[in-house]
Asker: 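Quick one: the structure is below, questions incoming.
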Amino acid sequence: MTNKGLSSIKREWWKEAVVYQIYPRSFQDSNNDGIGDLGGIIQRLDYIKSLGVDVVWLNPIFSSPNDDNGYDISDYRQIMSDFGKMHDFDELLQGLHERGIKLVLDLVANHSSDEHEWFKQSRSSRNNPCRDYYHWWPAEKGQPPHRFSIFDVHSDAWMYDEASNAYYLHYFSRKQPDLNWENPKLRKEIYEMMHFWLKKGVDGFRMDVISFISKDTDFPELPFSHEQEFLQHYAKGPKLHEYLQEMNREVLSHYDILTVAEGAGVKREDVLNFVDEDRGELQMLYHFEGTDLKNLPWENQQPNPRYDLREFKRIYSEWDEIFSSKGWGTIYLGNHDQPRMVSRWGNDAPEFRFLSSKMLTTFLLSMRATPFYYAGDEIAMSNIRFSNIDDYNDIATLNKYRKLEEEGGDEYTYLEEMKEFSRDNGRTPIQWDSSVNAGFTNGKPWLKVNPDHLEVNAEVQENDESSSLNYFRRMIQLRKDHKAMVYGKYTLLDKLNPAVYTYTRESEEEALLVLLNFSQKEAGFSLPFEFGDGILLINNYNDDLKTGALRPYEARIIQLKTNPLS
Ligand code: NOJ
(Lines give C-alpha, C1' and ligand atoms only; values in the text may rest on other atoms or scores of the structure.)
Protein backbone atom coordinates (compact mmCIF):
# COMPACT_ATOMS: atom_id res chain seq x y z
CA MET A 1 0.00 0.00 0.00
CA THR A 2 1.12 3.53 -0.51
CA ASN A 3 2.18 5.98 2.07
CA LYS A 4 0.85 9.24 0.71
CA GLY A 5 1.02 12.14 3.12
CA LEU A 6 2.21 9.94 5.96
CA SER A 7 5.99 9.89 5.95
CA SER A 8 6.33 13.61 6.61
CA ILE A 9 4.26 13.51 9.80
CA LYS A 10 6.33 13.32 12.95
CA ARG A 11 4.87 10.99 15.55
CA GLU A 12 4.10 12.63 18.90
CA TRP A 13 2.22 11.45 21.99
CA TRP A 14 -0.16 14.41 21.83
CA LYS A 15 -1.11 13.52 18.26
CA GLU A 16 -2.04 10.00 19.34
CA ALA A 17 -3.85 11.11 22.50
CA VAL A 18 -7.60 11.27 23.09
CA VAL A 19 -8.33 14.32 25.25
CA TYR A 20 -11.28 14.12 27.65
CA GLN A 21 -12.60 17.52 28.69
CA ILE A 22 -14.06 17.86 32.19
CA TYR A 23 -16.16 20.83 33.27
CA PRO A 24 -15.37 20.50 37.00
CA ARG A 25 -18.45 22.40 38.19
CA SER A 26 -20.66 19.71 36.65
CA PHE A 27 -18.68 16.49 36.94
CA GLN A 28 -19.08 15.24 40.52
CA ASP A 29 -19.78 16.96 43.81
CA SER A 30 -17.95 15.45 46.79
CA ASN A 31 -19.15 17.73 49.62
CA ASN A 32 -22.82 18.17 48.76
CA ASP A 33 -22.76 21.91 48.20
CA GLY A 34 -24.28 21.27 44.75
CA ILE A 35 -21.09 22.21 42.90
CA GLY A 36 -18.74 19.72 41.30
CA ASP A 37 -15.22 19.80 42.71
CA LEU A 38 -11.74 18.27 42.56
CA GLY A 39 -12.65 15.74 45.26
CA GLY A 40 -15.46 14.59 42.96
CA ILE A 41 -13.12 14.08 40.03
CA ILE A 42 -10.83 12.07 42.35
CA GLN A 43 -13.80 9.82 43.21
CA ARG A 44 -14.33 9.18 39.51
CA LEU A 45 -10.71 8.50 38.55
CA ASP A 46 -11.29 4.82 37.89
CA TYR A 47 -14.20 5.66 35.60
CA ILE A 48 -11.98 8.09 33.65
CA LYS A 49 -9.27 5.46 33.42
CA SER A 50 -11.79 2.87 32.20
CA LEU A 51 -12.60 5.04 29.19
CA GLY A 52 -9.09 4.68 27.79
CA VAL A 53 -8.52 8.43 27.39
CA ASP A 54 -4.95 9.71 27.60
CA VAL A 55 -5.34 13.32 28.69
CA VAL A 56 -7.80 15.20 30.88
CA TRP A 57 -8.35 18.90 30.21
CA LEU A 58 -9.96 20.74 33.11
CA ASN A 59 -11.79 24.02 32.63
CA PRO A 60 -10.40 26.70 34.97
CA ILE A 61 -10.00 25.60 38.59
CA PHE A 62 -8.44 28.78 39.98
CA SER A 63 -9.81 31.35 42.46
CA SER A 64 -12.63 33.23 40.83
CA PRO A 65 -15.76 35.19 41.70
CA ASN A 66 -17.38 33.13 38.91
CA ASP A 67 -18.87 35.85 36.79
CA ASP A 68 -18.04 33.54 33.88
CA ASN A 69 -17.59 30.28 35.80
CA GLY A 70 -13.85 30.44 36.35
CA TYR A 71 -12.89 32.31 33.18
CA ASP A 72 -12.51 35.35 35.43
CA ILE A 73 -9.52 34.52 37.61
CA SER A 74 -8.76 36.45 40.78
CA ASP A 75 -5.71 34.39 41.79
CA TYR A 76 -3.87 32.22 39.27
CA ARG A 77 -2.01 30.23 41.91
CA GLN A 78 -4.89 29.24 44.19
CA ILE A 79 -7.66 26.69 43.76
CA MET A 80 -11.23 28.05 43.56
CA SER A 81 -12.79 27.57 47.02
CA ASP A 82 -15.84 25.82 45.48
CA PHE A 83 -13.49 23.22 43.99
CA GLY A 84 -11.25 22.50 46.98
CA LYS A 85 -7.72 23.22 48.12
CA MET A 86 -4.24 22.81 46.71
CA HIS A 87 -3.85 19.43 48.41
CA ASP A 88 -6.91 18.21 46.45
CA PHE A 89 -5.25 19.36 43.27
CA ASP A 90 -2.02 17.56 44.16
CA GLU A 91 -3.96 14.39 44.91
CA LEU A 92 -5.85 14.64 41.64
CA LEU A 93 -2.68 15.15 39.62
CA GLN A 94 -1.04 12.21 41.32
CA GLY A 95 -4.13 10.03 40.84
CA LEU A 96 -4.21 10.79 37.13
CA HIS A 97 -0.48 10.23 36.68
CA GLU A 98 -0.63 6.93 38.56
CA ARG A 99 -3.20 5.83 36.02
CA GLY A 100 -1.07 6.97 33.08
CA ILE A 101 -3.31 9.95 32.28
CA LYS A 102 -1.95 13.43 31.68
CA LEU A 103 -3.49 16.66 32.95
CA VAL A 104 -3.94 19.83 30.92
CA LEU A 105 -5.05 23.07 32.58
CA ASP A 106 -6.88 26.05 31.15
CA LEU A 107 -4.66 29.11 30.77
CA VAL A 108 -6.80 32.25 30.84
CA ALA A 109 -4.32 34.98 30.02
CA ASN A 110 -6.22 37.37 27.78
CA HIS A 111 -8.07 38.76 30.79
CA SER A 112 -8.29 38.40 34.56
CA SER A 113 -11.10 39.06 37.00
CA ASP A 114 -11.66 42.64 38.10
CA GLU A 115 -11.19 41.16 41.57
CA HIS A 116 -7.60 40.17 40.84
CA GLU A 117 -5.11 42.12 42.95
CA TRP A 118 -3.48 43.45 39.75
CA PHE A 119 -6.73 45.06 38.67
CA LYS A 120 -7.54 46.41 42.12
CA GLN A 121 -4.14 48.11 42.09
CA SER A 122 -4.43 49.16 38.46
CA ARG A 123 -7.74 50.94 38.88
CA SER A 124 -6.71 52.62 42.16
CA SER A 125 -4.75 55.41 40.44
CA ARG A 126 -3.11 56.36 37.18
CA ASN A 127 0.32 56.20 38.88
CA ASN A 128 -0.01 52.74 40.33
CA PRO A 129 2.78 50.35 39.21
CA CYS A 130 0.10 47.95 37.98
CA ARG A 131 -1.68 50.61 35.92
CA ASP A 132 -0.24 49.26 32.67
CA TYR A 133 -1.25 45.68 33.40
CA TYR A 134 -4.56 46.59 31.71
CA HIS A 135 -5.72 48.79 28.83
CA TRP A 136 -6.95 52.23 29.91
CA TRP A 137 -8.38 55.08 27.88
CA PRO A 138 -8.31 58.43 29.74
CA ALA A 139 -11.72 60.11 29.68
CA GLU A 140 -10.25 63.51 28.76
CA LYS A 141 -9.55 62.03 25.29
CA GLY A 142 -13.31 61.68 24.84
CA GLN A 143 -15.24 58.47 24.15
CA PRO A 144 -12.94 55.59 23.16
CA PRO A 145 -13.40 54.14 19.63
CA HIS A 146 -16.03 51.42 19.62
CA ARG A 147 -14.92 47.91 20.48
CA PHE A 148 -17.34 44.99 20.53
CA SER A 149 -17.71 43.05 23.79
CA ILE A 150 -18.87 39.46 23.62
CA PHE A 151 -20.69 39.36 26.97
CA ASP A 152 -21.50 42.98 27.76
CA VAL A 153 -25.22 43.79 27.92
CA HIS A 154 -24.59 46.72 25.58
CA SER A 155 -21.86 44.95 23.58
CA ASP A 156 -19.54 47.78 24.60
CA ALA A 157 -15.99 46.67 25.44
CA TRP A 158 -15.09 49.89 27.27
CA MET A 159 -16.21 50.42 30.86
CA TYR A 160 -15.94 53.80 32.52
CA ASP A 161 -14.25 53.70 35.92
CA GLU A 162 -14.74 56.68 38.14
CA ALA A 163 -11.75 56.16 40.44
CA SER A 164 -9.28 57.30 37.78
CA ASN A 165 -11.67 58.89 35.30
CA ALA A 166 -10.82 56.43 32.55
CA TYR A 167 -12.28 53.52 30.57
CA TYR A 168 -10.88 49.99 30.73
CA LEU A 169 -11.09 47.43 27.94
CA HIS A 170 -13.02 44.18 28.36
CA TYR A 171 -13.64 41.98 25.32
CA PHE A 172 -15.74 39.73 27.58
CA SER A 173 -17.75 40.81 30.65
CA ARG A 174 -17.17 43.98 32.69
CA LYS A 175 -15.68 41.73 35.32
CA GLN A 176 -13.10 40.39 32.84
CA PRO A 177 -10.72 43.29 32.06
CA ASP A 178 -8.21 42.52 29.28
CA LEU A 179 -4.59 42.20 30.32
CA ASN A 180 -2.03 44.39 28.59
CA TRP A 181 0.55 42.11 27.01
CA GLU A 182 2.55 45.14 25.84
CA ASN A 183 3.85 45.32 29.38
CA PRO A 184 6.91 43.03 29.79
CA LYS A 185 6.33 42.81 33.56
CA LEU A 186 2.85 41.41 32.99
CA ARG A 187 4.16 38.88 30.49
CA LYS A 188 6.81 37.80 32.97
CA GLU A 189 4.16 37.32 35.66
CA ILE A 190 2.17 35.09 33.30
CA TYR A 191 5.22 33.03 32.34
CA GLU A 192 6.18 32.57 36.00
CA MET A 193 2.67 31.43 36.79
CA MET A 194 2.87 28.90 33.93
CA HIS A 195 6.18 27.59 35.32
CA PHE A 196 4.53 27.30 38.74
CA TRP A 197 1.95 24.82 37.40
CA LEU A 198 4.33 23.04 35.05
CA LYS A 199 6.79 22.48 37.88
CA LYS A 200 3.99 20.87 39.82
CA GLY A 201 3.84 18.40 36.95
CA VAL A 202 0.91 19.46 34.78
CA ASP A 203 1.17 18.30 31.18
CA GLY A 204 0.08 21.31 29.21
CA PHE A 205 -2.34 24.12 28.62
CA ARG A 206 -5.47 24.78 26.66
CA MET A 207 -5.14 28.51 26.02
CA ASP A 208 -8.31 30.52 26.34
CA VAL A 209 -8.82 33.10 23.55
CA ILE A 210 -5.05 33.31 23.24
CA SER A 211 -5.55 34.71 19.73
CA PHE A 212 -6.78 37.99 21.30
CA ILE A 213 -3.81 38.85 23.55
CA SER A 214 -2.19 41.46 21.31
CA LYS A 215 -4.12 44.67 20.74
CA ASP A 216 -3.59 47.56 18.40
CA THR A 217 -2.99 49.92 21.31
CA ASP A 218 -3.64 53.09 19.29
CA PHE A 219 -7.23 51.85 19.15
CA PRO A 220 -8.13 53.27 15.74
CA GLU A 221 -11.77 53.62 14.70
CA LEU A 222 -12.82 50.36 13.03
CA PRO A 223 -15.20 50.21 10.10
CA PHE A 224 -16.97 47.08 11.39
CA SER A 225 -20.49 46.40 12.51
CA HIS A 226 -20.63 42.61 12.86
CA GLU A 227 -19.39 40.55 15.75
CA GLN A 228 -17.47 38.21 13.43
CA GLU A 229 -15.56 41.12 11.87
CA PHE A 230 -14.46 42.27 15.30
CA LEU A 231 -13.40 38.79 16.36
CA GLN A 232 -11.31 38.31 13.24
CA HIS A 233 -9.68 41.67 13.87
CA TYR A 234 -9.03 40.77 17.53
CA ALA A 235 -7.30 37.58 16.41
CA LYS A 236 -4.75 39.44 14.29
CA GLY A 237 -3.08 41.67 16.87
CA PRO A 238 0.21 43.12 15.66
CA LYS A 239 2.42 41.37 18.24
CA LEU A 240 0.48 38.14 18.71
CA HIS A 241 3.09 35.84 17.20
CA GLU A 242 5.96 37.71 18.80
CA TYR A 243 4.35 36.99 22.19
CA LEU A 244 3.64 33.35 21.41
CA GLN A 245 7.24 32.84 20.30
CA GLU A 246 8.45 34.49 23.47
CA MET A 247 6.14 32.30 25.56
CA ASN A 248 7.50 29.27 23.76
CA ARG A 249 11.11 30.28 24.42
CA GLU A 250 10.54 31.31 28.02
CA VAL A 251 8.22 28.49 29.08
CA LEU A 252 6.80 25.89 26.70
CA SER A 253 10.03 24.69 25.11
CA HIS A 254 11.35 23.65 28.55
CA TYR A 255 8.77 20.88 28.98
CA ASP A 256 7.31 17.92 27.07
CA ILE A 257 3.72 19.19 27.10
CA LEU A 258 0.55 19.60 25.07
CA THR A 259 -0.47 23.07 23.95
CA VAL A 260 -3.70 23.95 22.20
CA ALA A 261 -5.03 27.39 21.37
CA GLU A 262 -8.68 28.24 21.41
CA GLY A 263 -8.76 29.72 17.92
CA ALA A 264 -11.43 32.37 18.33
CA GLY A 265 -11.51 34.49 15.17
CA VAL A 266 -8.71 32.47 13.51
CA LYS A 267 -9.27 31.60 9.86
CA ARG A 268 -7.82 28.73 7.86
CA GLU A 269 -5.23 30.91 6.15
CA ASP A 270 -3.77 31.95 9.53
CA VAL A 271 -3.71 28.72 11.48
CA LEU A 272 -0.25 27.59 10.42
CA ASN A 273 1.14 30.79 11.89
CA PHE A 274 0.23 29.29 15.25
CA VAL A 275 1.07 25.62 14.74
CA ASP A 276 3.74 25.27 12.05
CA GLU A 277 6.40 23.46 14.08
CA ASP A 278 9.19 25.53 12.49
CA ARG A 279 7.80 28.73 14.03
CA GLY A 280 8.17 27.64 17.66
CA GLU A 281 4.75 28.70 18.93
CA LEU A 282 2.01 26.19 19.78
CA GLN A 283 1.16 22.62 18.74
CA MET A 284 -2.54 22.77 17.97
CA LEU A 285 -5.48 25.14 17.64
CA TYR A 286 -9.17 24.46 17.62
CA HIS A 287 -11.27 26.34 15.12
CA PHE A 288 -14.91 27.45 15.09
CA GLU A 289 -15.73 26.97 11.44
CA GLY A 290 -17.39 23.62 12.08
CA THR A 291 -19.34 24.62 15.18
CA ASP A 292 -20.38 27.91 13.53
CA LEU A 293 -22.17 26.10 10.70
CA LYS A 294 -25.73 27.40 10.47
CA ASN A 295 -28.89 25.30 10.51
CA LEU A 296 -30.82 24.90 7.27
CA PRO A 297 -34.29 26.41 6.94
CA TRP A 298 -36.82 23.95 8.36
CA GLU A 299 -38.27 22.88 4.98
CA ASN A 300 -34.82 21.81 3.71
CA GLN A 301 -33.96 19.66 6.68
CA GLN A 302 -35.62 16.31 6.02
CA PRO A 303 -34.38 13.61 5.80
CA ASN A 304 -30.94 15.11 5.97
CA PRO A 305 -29.29 16.65 8.97
CA ARG A 306 -30.44 20.06 10.11
CA TYR A 307 -27.33 21.53 8.55
CA ASP A 308 -25.83 21.10 5.12
CA LEU A 309 -23.69 17.97 5.41
CA ARG A 310 -21.87 18.89 2.20
CA GLU A 311 -20.69 22.08 3.90
CA PHE A 312 -19.79 20.14 7.02
CA LYS A 313 -17.68 17.73 4.93
CA ARG A 314 -16.07 20.59 3.04
CA ILE A 315 -15.05 22.35 6.27
CA TYR A 316 -13.51 19.30 7.94
CA SER A 317 -11.82 18.19 4.71
CA GLU A 318 -10.31 21.60 4.08
CA TRP A 319 -9.01 21.80 7.64
CA ASP A 320 -7.47 18.34 7.20
CA GLU A 321 -5.76 19.48 4.01
CA ILE A 322 -4.01 22.38 5.77
CA PHE A 323 -2.17 19.95 8.02
CA SER A 324 -1.16 17.49 5.31
CA SER A 325 2.48 18.47 5.58
CA LYS A 326 2.78 20.91 8.48
CA GLY A 327 1.22 21.39 11.88
CA TRP A 328 -1.50 19.18 13.33
CA GLY A 329 -5.27 19.54 13.75
CA THR A 330 -7.86 19.02 16.44
CA ILE A 331 -11.41 17.79 16.24
CA TYR A 332 -14.40 18.32 18.55
CA LEU A 333 -18.16 18.61 18.28
CA GLY A 334 -19.01 19.70 21.79
CA ASN A 335 -17.56 21.50 24.76
CA HIS A 336 -18.66 23.82 27.59
CA ASP A 337 -19.36 26.62 25.09
CA GLN A 338 -21.55 24.50 22.84
CA PRO A 339 -24.87 22.68 23.04
CA ARG A 340 -24.65 18.92 23.49
CA MET A 341 -23.12 17.07 20.55
CA VAL A 342 -25.99 14.65 20.04
CA SER A 343 -28.61 17.44 20.05
CA ARG A 344 -26.67 19.71 17.73
CA TRP A 345 -25.04 17.33 15.25
CA GLY A 346 -27.01 14.10 15.72
CA ASN A 347 -30.59 13.54 16.75
CA ASP A 348 -31.70 13.22 20.37
CA ALA A 349 -35.17 11.78 19.63
CA PRO A 350 -35.38 8.53 21.65
CA GLU A 351 -35.11 6.21 18.64
CA PHE A 352 -32.01 7.92 17.24
CA ARG A 353 -30.22 9.28 20.25
CA PHE A 354 -27.76 6.46 20.94
CA LEU A 355 -27.27 5.55 17.30
CA SER A 356 -26.48 9.09 16.26
CA SER A 357 -24.28 9.69 19.28
CA LYS A 358 -22.21 6.59 18.44
CA MET A 359 -22.03 7.70 14.82
CA LEU A 360 -20.61 11.08 15.90
CA THR A 361 -18.15 9.34 18.22
CA THR A 362 -17.02 7.27 15.24
CA PHE A 363 -16.42 10.47 13.28
CA LEU A 364 -14.48 12.19 16.09
CA LEU A 365 -12.21 9.23 16.67
CA SER A 366 -11.49 8.40 13.06
CA MET A 367 -10.31 11.75 11.75
CA ARG A 368 -6.70 12.83 11.35
CA ALA A 369 -6.59 15.24 14.30
CA THR A 370 -6.39 15.03 18.08
CA PRO A 371 -9.94 14.46 19.39
CA PHE A 372 -11.18 16.67 22.23
CA TYR A 373 -14.09 14.70 23.63
CA TYR A 374 -16.44 16.40 26.09
CA ALA A 375 -17.42 14.55 29.27
CA GLY A 376 -21.04 13.42 29.15
CA ASP A 377 -21.02 12.89 25.38
CA GLU A 378 -19.91 9.30 25.94
CA ILE A 379 -23.32 8.58 27.48
CA ALA A 380 -25.17 10.69 24.88
CA MET A 381 -26.26 13.48 27.22
CA SER A 382 -28.52 15.91 25.41
CA ASN A 383 -29.66 19.55 25.63
CA ILE A 384 -31.84 20.29 28.64
CA ARG A 385 -33.79 23.00 26.78
CA PHE A 386 -34.88 25.26 29.65
CA SER A 387 -38.07 27.21 28.92
CA ASN A 388 -37.57 29.71 31.71
CA ILE A 389 -34.79 32.31 31.73
CA ASP A 390 -34.47 31.87 35.52
CA ASP A 391 -33.14 28.36 35.02
CA TYR A 392 -30.12 29.64 33.12
CA ASN A 393 -26.78 30.48 34.72
CA ASP A 394 -24.58 31.32 31.69
CA ILE A 395 -23.58 34.98 31.49
CA ALA A 396 -23.78 34.99 27.69
CA THR A 397 -27.36 33.68 27.68
CA LEU A 398 -28.47 35.96 30.52
CA ASN A 399 -26.90 39.17 29.25
CA LYS A 400 -28.35 38.79 25.75
CA TYR A 401 -31.75 38.30 27.35
CA ARG A 402 -31.28 41.47 29.44
CA LYS A 403 -30.35 43.34 26.28
CA LEU A 404 -33.58 42.17 24.62
CA GLU A 405 -35.59 43.23 27.67
CA GLU A 406 -34.01 46.68 27.57
CA GLU A 407 -34.41 47.09 23.85
CA GLY A 408 -37.82 45.47 23.59
CA GLY A 409 -36.82 42.46 21.45
CA ASP A 410 -38.59 39.13 20.92
CA GLU A 411 -37.91 37.19 24.12
CA TYR A 412 -39.95 34.14 23.11
CA THR A 413 -37.96 33.55 19.92
CA TYR A 414 -34.74 34.09 21.84
CA LEU A 415 -35.68 31.46 24.43
CA GLU A 416 -36.55 29.00 21.67
CA GLU A 417 -33.15 29.62 20.12
CA MET A 418 -31.41 29.14 23.48
CA LYS A 419 -33.03 25.71 23.81
CA GLU A 420 -30.80 24.68 20.95
CA PHE A 421 -27.76 26.89 21.43
CA SER A 422 -27.27 28.09 25.02
CA ARG A 423 -23.99 27.06 26.60
CA ASP A 424 -25.88 25.79 29.65
CA ASN A 425 -27.13 22.85 27.55
CA GLY A 426 -23.59 21.56 27.68
CA ARG A 427 -23.10 22.33 31.36
CA THR A 428 -25.81 20.34 33.17
CA PRO A 429 -24.47 17.87 35.76
CA ILE A 430 -23.13 14.52 34.58
CA GLN A 431 -25.73 11.78 34.78
CA TRP A 432 -24.11 9.01 36.75
CA ASP A 433 -27.24 7.08 37.74
CA SER A 434 -31.02 7.32 38.04
CA SER A 435 -31.12 8.61 41.64
CA VAL A 436 -32.59 12.03 42.52
CA ASN A 437 -29.72 14.21 41.33
CA ALA A 438 -28.27 11.60 39.01
CA GLY A 439 -25.54 10.73 41.53
CA PHE A 440 -23.98 14.15 40.98
CA THR A 441 -24.77 15.61 44.40
CA ASN A 442 -26.89 15.12 47.49
CA GLY A 443 -27.28 18.88 47.71
CA LYS A 444 -29.08 21.26 45.37
CA PRO A 445 -27.29 21.19 42.02
CA TRP A 446 -26.00 24.58 40.83
CA LEU A 447 -27.70 23.92 37.46
CA LYS A 448 -30.69 21.61 37.04
CA VAL A 449 -30.03 17.97 36.27
CA ASN A 450 -31.60 16.81 33.01
CA PRO A 451 -34.73 14.80 33.93
CA ASP A 452 -33.86 12.25 31.26
CA HIS A 453 -31.15 10.92 33.60
CA LEU A 454 -33.71 8.30 34.65
CA GLU A 455 -32.99 6.50 31.37
CA VAL A 456 -29.76 8.10 30.24
CA ASN A 457 -26.98 7.55 32.74
CA ALA A 458 -23.57 5.95 33.10
CA GLU A 459 -24.72 3.20 35.44
CA VAL A 460 -27.20 1.60 33.03
CA GLN A 461 -24.75 1.95 30.17
CA GLU A 462 -21.93 0.38 32.13
CA ASN A 463 -23.77 -2.92 32.14
CA ASP A 464 -24.89 -2.80 28.54
CA GLU A 465 -22.32 -4.00 26.01
CA SER A 466 -24.06 -2.12 23.22
CA SER A 467 -24.30 1.23 25.05
CA SER A 468 -22.84 4.53 23.87
CA LEU A 469 -20.41 4.38 26.77
CA ASN A 470 -19.01 1.00 25.76
CA TYR A 471 -18.97 2.04 22.11
CA PHE A 472 -16.80 5.03 23.04
CA ARG A 473 -14.38 2.68 24.83
CA ARG A 474 -14.25 0.39 21.79
CA MET A 475 -13.63 3.30 19.43
CA ILE A 476 -10.73 4.51 21.59
CA GLN A 477 -9.23 1.04 21.57
CA LEU A 478 -9.66 0.85 17.80
CA ARG A 479 -7.86 4.17 17.35
CA LYS A 480 -5.02 2.87 19.48
CA ASP A 481 -4.81 -0.42 17.58
CA HIS A 482 -4.94 1.17 14.12
CA LYS A 483 -2.43 3.97 13.77
CA ALA A 484 -3.90 4.66 10.32
CA MET A 485 -6.78 6.27 12.22
CA VAL A 486 -4.32 8.73 13.73
CA TYR A 487 -1.75 9.38 11.02
CA GLY A 488 -3.20 7.87 7.87
CA LYS A 489 -3.97 10.00 4.85
CA TYR A 490 -7.57 11.19 4.75
CA THR A 491 -9.50 11.13 1.46
CA LEU A 492 -13.08 12.33 1.17
CA LEU A 493 -15.30 10.24 -1.14
CA ASP A 494 -18.80 10.77 -2.49
CA LYS A 495 -18.39 14.45 -1.73
CA LEU A 496 -21.82 15.66 -2.85
CA ASN A 497 -23.84 13.05 -0.97
CA PRO A 498 -26.12 15.11 1.30
CA ALA A 499 -26.68 12.35 3.87
CA VAL A 500 -23.57 10.19 4.04
CA TYR A 501 -20.02 11.16 5.00
CA THR A 502 -17.50 8.71 3.54
CA TYR A 503 -13.72 8.75 3.70
CA THR A 504 -10.69 6.54 3.70
CA ARG A 505 -7.74 6.59 6.06
CA GLU A 506 -4.66 5.13 4.51
CA SER A 507 -1.26 4.26 6.01
CA GLU A 508 1.66 2.06 5.03
CA GLU A 509 0.03 -0.87 6.82
CA GLU A 510 -3.63 -0.60 5.94
CA ALA A 511 -6.52 1.27 4.37
CA LEU A 512 -9.74 1.92 6.28
CA LEU A 513 -13.11 2.95 4.90
CA VAL A 514 -15.36 5.04 7.16
CA LEU A 515 -19.08 5.22 6.32
CA LEU A 516 -21.29 7.54 8.34
CA ASN A 517 -24.98 8.18 7.75
CA PHE A 518 -25.79 11.60 9.20
CA SER A 519 -29.49 11.32 8.42
CA GLN A 520 -32.54 9.66 9.94
CA LYS A 521 -33.41 7.78 6.76
CA GLU A 522 -31.71 4.88 5.09
CA ALA A 523 -29.16 6.33 2.69
CA GLY A 524 -27.07 5.02 -0.16
CA PHE A 525 -23.57 6.06 -1.14
CA SER A 526 -21.36 5.60 -4.13
CA LEU A 527 -17.73 4.58 -4.13
CA PRO A 528 -15.20 4.16 -6.93
CA PHE A 529 -14.36 0.61 -5.73
CA GLU A 530 -15.84 -2.59 -4.28
CA PHE A 531 -15.23 -3.31 -0.62
CA GLY A 532 -17.34 -6.39 0.06
CA ASP A 533 -14.31 -8.51 1.01
CA GLY A 534 -13.16 -6.00 3.63
CA ILE A 535 -13.24 -6.68 7.36
CA LEU A 536 -15.84 -4.83 9.40
CA LEU A 537 -13.98 -3.39 12.42
CA ILE A 538 -16.88 -1.65 14.12
CA ASN A 539 -20.55 -0.91 13.50
CA ASN A 540 -22.95 0.98 15.76
CA TYR A 541 -25.82 -1.45 14.91
CA ASN A 542 -23.88 -4.33 16.47
CA ASP A 543 -24.20 -6.64 13.50
CA ASP A 544 -21.89 -7.62 10.71
CA LEU A 545 -23.64 -6.05 7.76
CA LYS A 546 -21.00 -4.31 5.73
CA THR A 547 -22.49 -3.78 2.30
CA GLY A 548 -25.64 -2.09 1.02
CA ALA A 549 -27.28 1.16 2.06
CA LEU A 550 -26.68 2.60 5.51
CA ARG A 551 -29.49 2.50 8.05
CA PRO A 552 -30.43 5.72 9.92
CA TYR A 553 -27.30 7.15 11.60
CA GLU A 554 -25.38 4.00 10.84
CA ALA A 555 -21.59 4.09 11.23
CA ARG A 556 -19.18 1.46 9.92
CA ILE A 557 -15.42 1.22 9.71
CA ILE A 558 -14.14 -1.36 7.25
CA GLN A 559 -10.57 -2.51 6.80
CA LEU A 560 -10.06 -2.92 3.08
CA LYS A 561 -8.36 -6.04 1.71
CA THR A 562 -6.48 -4.10 -0.91
CA ASN A 563 -6.05 -0.41 -1.13
CA PRO A 564 -8.31 0.65 -3.99
CA LEU A 565 -7.00 4.20 -4.12
CA SER A 566 -3.29 3.50 -4.44
C1 NOJ B 1 -13.66 30.97 25.92
C2 NOJ B 1 -14.14 30.03 26.96
O3 NOJ B 1 -14.19 28.73 26.43
C4 NOJ B 1 -15.47 30.54 27.42
O5 NOJ B 1 -16.14 29.62 28.24
C6 NOJ B 1 -15.25 31.85 28.12
O7 NOJ B 1 -16.50 32.40 28.46
C8 NOJ B 1 -14.50 32.84 27.22
N9 NOJ B 1 -13.40 32.23 26.51
C10 NOJ B 1 -13.93 33.97 28.05
O11 NOJ B 1 -12.86 33.52 28.83
Side-chain angles (χ1 to χ4, degrees), residues 19 21-27 36 57-74 76 80 83 104-116 119 134 147-153 155 157 159 168-179 181 190 205-213 215 227-228 230-232 234-235 237 259-266 282 284-288 290-292 330 332-341 372-376 392-400 418 421-428 446-447:
V19 181
Q21 182 198 347
I22 291 182
Y23 196 64
R25 183 162 286 269
S26 298
F27 198 66
W57 151 31
L58 293 183
N59 290 99
I61 53 166
F62 317 102
S63 292
S64 165
N66 285 310
D67 190 51
D68 183 20
N69 289 353
Y71 283 98
D72 47 322
I73 296 173
S74 52
Y76 287 91
M80 187 194 299
F83 289 175
V104 164
L105 294 183
D106 218 308
L107 178 78
V108 188
N110 174 68
H111 46 268
S112 73
S113 162
D114 65 340
E115 297 183 32
H116 193 291
F119 192 72
Y134 296 86
R147 289 294 179 274
F148 175 83
S149 163
I150 296 154
F151 294 159
D152 189 74
V153 183
S155 310
M159 176 73 189
Y168 65 84
L169 186 72
H170 62 94
Y171 282 174
F172 292 88
S173 90
R174 294 172 189 175
K175 286 184 68 62
Q176 293 169 296
D178 282 49
L179 290 161
W181 278 67
I190 301 278
F205 293 107
R206 172 268 185 187
M207 302 190 183
D208 189 63
V209 285
I210 197 75
S211 47
F212 290 179
I213 55 176
K215 274 86 183 170
E227 172 172 350
Q228 284 308 325
F230 277 101
L231 302 192
Q232 284 173 39
Y234 292 170
T259 57
V260 58
E262 184 196 24
V266 178
L282 304 177
M284 297 178 275
L285 175 145
Y286 71 83
H287 66 83
F288 286 74
T291 44
D292 281 348
T330 60
Y332 72 103
L333 289 175
N335 62 34
H336 65 293
D337 290 332
Q338 302 290 333
R340 276 289 170 189
M341 162 174 103
F372 284 72
Y373 199 93
Y374 188 45
Y392 284 103
N393 164 278
D394 167 34
I395 182 168
T397 310
L398 294 175
N399 281 359
K400 282 205 186 111
M418 287 305 100
F421 293 102
S422 170
R423 306 197 295 181
D424 278 340
N425 286 303
R427 297 179 178 184
T428 59
W446 71 277
L447 191 66

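Indexing begins at 1, ligand by ligand and atom by atom, following the structure's order. Only this structure's heavy atoms are used, side chains among them; waters, hydrogens and symmetry mates stay out. Nothing fancy with the numbering, it's 1 onward along the sequence.
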Asker: Kindly say whether the aromatic ring centers of Tyr234 and Tyr171 come within a distance under 6.0 Å.
Answerer: yes
Asker: Anything with a heavy atom under 4.0 Å from ligand 1 counts, so go ahead and list those protein residues by chain and number.
Answerer: Asp68, Tyr71, His111, Phe151, Phe172, Arg206, Asp208, Glu262, His336, Asp337, Arg423, Arg427
Asker: I'd like to check the ring pair (Phe, Tyr, Trp, His ring centres under 6.0 Å) partners of Phe119; sequence neighbours left out, ordered by chain and number.
Answerer: Tyr134, Trp136, Tyr168
Asker: Tell me if the aromatic rings of Phe151 and His170 count as close, with their centers under 6.0 Å from one another.
Answerer: no
Asker: Test of understanding: with salt bridge (charged side-chain N to carboxylate O under 4.0 Å, His left out), list the residues that count as partners of Glu227, not counting sequence neighbours.
Answerer: none
Asker: Decide whether Ser173 and Asp67 meet the rule of one side-chain donor and one side-chain acceptor closer than 3.5 Å.
Answerer: yes
Asker: By salt bridge (charged side-chain N to carboxylate O under 4.0 Å, His left out), which residues pair with Asp114, not counting sequence neighbours?
Answerer: Lys175
